[in-house]
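A quick note: this is a predicted structure, and the numbers were derived from the prediction, not measured. Chain letters run A, B, ... following the sequence lines, proteins first, then strands; residues in each count from 1. The analysis underlying the following values was restricted to heavy atoms, covering all of them including side chains, and did not include hydrogens, waters or symmetry mates.
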Protein chains: 2
Amino acid sequence: MTDSQDAVLWNSMRKLEKRFPLSTEDKAAVLGLPISVKNLEPGSYIVRDADIAQNCCVLLSGFAYRHKTVGDGARQILSIHIPGDMVDLHNAFLGIADHNVQMLTAGQVALIPAKAVQDVAYSYPAIGRAMLLETLVDGSIFREWIANVGRRDARSRVAHLLCEFAVRLQASGKSEARNYRLPMSQEQIADATGLTPVHVNRMIQSLRRDGLISTDKRSVTIDNWAELAAAGDFSTAYLHPELAEGEPR
Amino acid sequence: MTDSQDAVLWNSMRKLEKRFPLSTEDKAAVLGLPISVKNLEPGSYIVRDADIAQNCCVLLSGFAYRHKTVGDGARQILSIHIPGDMVDLHNAFLGIADHNVQMLTAGQVALIPAKAVQDVAYSYPAIGRAMLLETLVDGSIFREWIANVGRRDARSRVAHLLCEFAVRLQASGKSEARNYRLPMSQEQIADATGLTPVHVNRMIQSLRRDGLISTDKRSVTIDNWAELAAAGDFSTAYLHPELAEGEPR
DNA sequence: CGAACTTTTGACAAGCATCAACACGTGTGG
DNA sequence: CCACACGTGTTGATGCTTGTCAAAAGTTCG
């Protein structure tokens with residue numbers, strides 16, 4: 001394992017640790033995991049629906065997303081992932097993938113054999129517990145997305161997505177609060193919000209016209225956070241910020 | 001603890017065990033958990049959004065559902081729970097509830113102090129792991145629901161819900177495959193599918209007219225499973241049946 | 001037997017989808 | 001260096017799915 005690979009593992013471990021303190025042995029166990037780092041192109045698949053999982057994958061850099069395809073061929077994006085996320089813990093434990101995971105941008109992932117992840121979770125309860133918490137927060141985000149596509153109108157859905165991205169990126173230290181690069185096309189935003197690309201375009205224009213955001217290429221600037229959060233009916237509670245450490249980075 | 005309480009705990013443990021074998025000590029630890037059994041009326045709350053969790057709750061009998069309220073007051077149902085489900089594992093670990101859990105029908109729940117659940121998960125890795133699996137399957141169902149409300153049309157959404165219920169009830173041994181009691185009003189089905197009650201009514205009529213189902217009060221009979229599953233774009237994969245034991249009951 | 005809830009029906013409105021065309025930026029190969 | 005293809009964003013016209021409102025009919029339960 002090279003030093004840089006070591007560094008990235010440390011990084012994701014810090015993320016695990018945010019949720020629950022790990023002992024020295026726990027940390028050693030994490031660092032001792034056999035990993036292989038892989039560079040991926042935009043659009044390349046990390047996991048395909050119905051795959052039998054061999055590896056568990058930590059996103060080191062770049063963005064990824066999970067999605068499913070329904071009967072008529074329409075695609076639904078289920079979540080967006082930022083560096084540090086364990087993108088398929090479920091696969092390591094459930095065995096058969098129930099959705100796809102694909103790179104949104106170019107990036108690096110660390111692959112860990114599923115068996116090794118299971119063993120470490122089983123032998124080091126604190127690590128297993130950190131993974132459980134990670135999974136529970138994921139679940140909370142899924143629930144919010146059900147409410148988002150189920151019960152909010154188009155403008156709110158888009159605003160909500162923009163708010164979530166802003167908060168998560170800022171919490172991860174990857175970006176400022178009011179300005180970030182959104183690596184999604186409007187078609188992908190449509191698939192995440194259950195809308196059509198055309199209508200997403202109109203909603204973004206509406207948010208721009210009302211002075212809530214401005215955009216330049218794929219970078220988004222939030223000009224009025226309070227109103228954008230109100231438009232998106234957004235609250236951070238479902239991201240469970242109370243579990244994040246206060247430590248500056 | 002009375003014998004009958006013992007019996008119900010055994011029951012939910014068998015459910016945990018379906019996903020991962022437990023040793024004798026593990027089982028003893030589960031049976032040793034301090035529980036208090038409570039009878040609940042239809043509509044009574046088990047957990048309220050933003051509550052600080054004191055207890056973790058196993059549904060012993062009756063049905064429950066999770067839901068959230070969005071800005072304009074609309075309600076989104078996030079999942080339905082059947083006897084044996086651990087209805088708020090997330091609360092025991094995350095601390096602050098991010099949604100409501102409410103009884104759909106009258107029923108019994110077993111309350112276990114959150115701290116005790118955490119301790120047992122931490123001290124008995126096999127139990128922690130069973131809980132992780134439970135949580136991961138929950139997550140898979142949430143993802144399917146995102147796709148359901150996000151990308152399927154009204155008729156498919158309703159058909160999908162009916163299919164999921166049939167399969168889960170049958171797997172739990174609570175009901176036959178083709179006929180079950182659906183304890184939800186059409187308004188609740190609407191809140192689960194992101195539709196209005198009026199439109200749910202029309203979709204159910206459409207499914208009846210086409211000979212896929214028939215209803216009598218709140219009991220549903222599936223007259224043509226293949227077509228209903230096709231209409232609902234339903235596949236059991238997301239319920240991860242591969243994790244269920246084959247043991248007859 | 002009556003009150004409260006749920007299901008059903010109809011007329012109408014609206015939000016979002018669909019389709020098609022155009023504009024714009026980027027990269028690529030001739 | 002230009003021409004061109006390609007992906008993405010934008011616009012407009014039109015239509016369908018679903019929502020809204022209101023009232024009637026059926027059901028449940030005290």
Could you tell me if [Y] and [X] have a donor-acceptor pair between their side chains, going purely by distance under 3.5 Å?
X: B:Asn148; Y: B:Glu144; result: no
X: B:Ser206; Y: B:Arg155; result: yes
X: A:Tyr180; Y: A:Gln170; result: no

A:Arg202 side-chain proximity, nearest of C:dA11, C:dT6, D:dA13: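 Between C:dA11, C:dT6, D:dA13, the one nearest the side chain of A:Arg202 would be D:dA13.
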
Closest approach to the side chain of B:Ser185, judged atom by atom: which nucleotide of D:dT18, D:dG9, C:dT7 is it?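 Out of D:dT18, D:dG9, C:dT7, the nucleotide with an atom closest to B:Ser185's side chain is C:dT7.
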
Residue closer to the 5' end of DNA chain D, A:Arg218 versus A:Val198 (nearest nucleotide):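 It is A:Arg218 whose nearest nucleotide is closer to the 5' end.
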
So A:Arg208, base contact, sugar-phosphate only, or nothing? Heavy-atom distance under 4.0 Å.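 Sugar-phosphate, no base atom in range.
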
Which part of the nucleic acid, if any, lies within contact of B:Leu195, taking any heavy atom under 4.0 Å across all strands shown: a base, the sugar-phosphate backbone alone, or nothing?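 Answer is sugar-phosphate: B:Leu195 comes under 4.0 Å of backbone atoms only.
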
May I ask you to verify if any side-chain N or O of [X] is less than 4.0 angstrom from the OP1 or OP2 atom of [N]?
X: A:Gln205; N: D:dT11; value: yes
X: B:Gln186; N: C:dT8; value: yes
X: A:Arg209; N: D:dT10; value: no
X: A:Lys217; N: D:dG9; value: no
X: A:Asn201; N: D:dT10; value: yes

From [atom1] of [X] over to [atom2] of [N], roughly how many Å is that when rounded to an integer?
X: A:Leu182; N: D:dG9; atom1: CG; atom2: P; answer: 10 Å
X: B:Arg152; N: C:dC16; atom1: CZ; atom2: P; answer: 21 Å
X: B:Asp153; N: C:dG15; atom1: CG; atom2: C1'; answer: 16 Å
X: A:Asp72; N: C:dA17; atom1: CG; atom2: P; answer: 13 Å

Output yes when B:Asp85 and B:Arg66 qualify as a salt bridge under the 4.0 Å nitrogen-oxygen rule, no when they do not.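 Salt bridge: no.
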
Any ion pair linking A:Asp49 and A:Lys68 (charged N to carboxylate O, less than 4.0 Å)?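 Salt bridge absent between A:Lys68 and A:Asp49.
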
I need the single residue from B:His99, B:Gln102, B:Arg75 that forms a side-chain hydrogen bond (donor to acceptor under 3.5 Å, both in side chains) with B:His67. Which is it?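 Among the candidates, only B:Gln102 passes.
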
Taking the nucleotide of DNA chain C with the nearest heavy atom to each, does B:Glu187 or A:Thr196 sit closer to the 5' end?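 The 5'-side residue here is B:Glu187.
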
Taking the side chain as everything from C-beta on, heavy atoms only, tell me whether B:Asn100 gets closer than 4.5 Å to B:Val47.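 No - every pair of side-chain heavy atoms lies 4.5 Å or more apart.
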
How sharply is the helix from C:dC1-D:dG30 to C:dG30-D:dC1 bent, taking the axes over five pairs at either end and rounding to 10 degrees?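 Terminal axis comparison yields 40°.
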
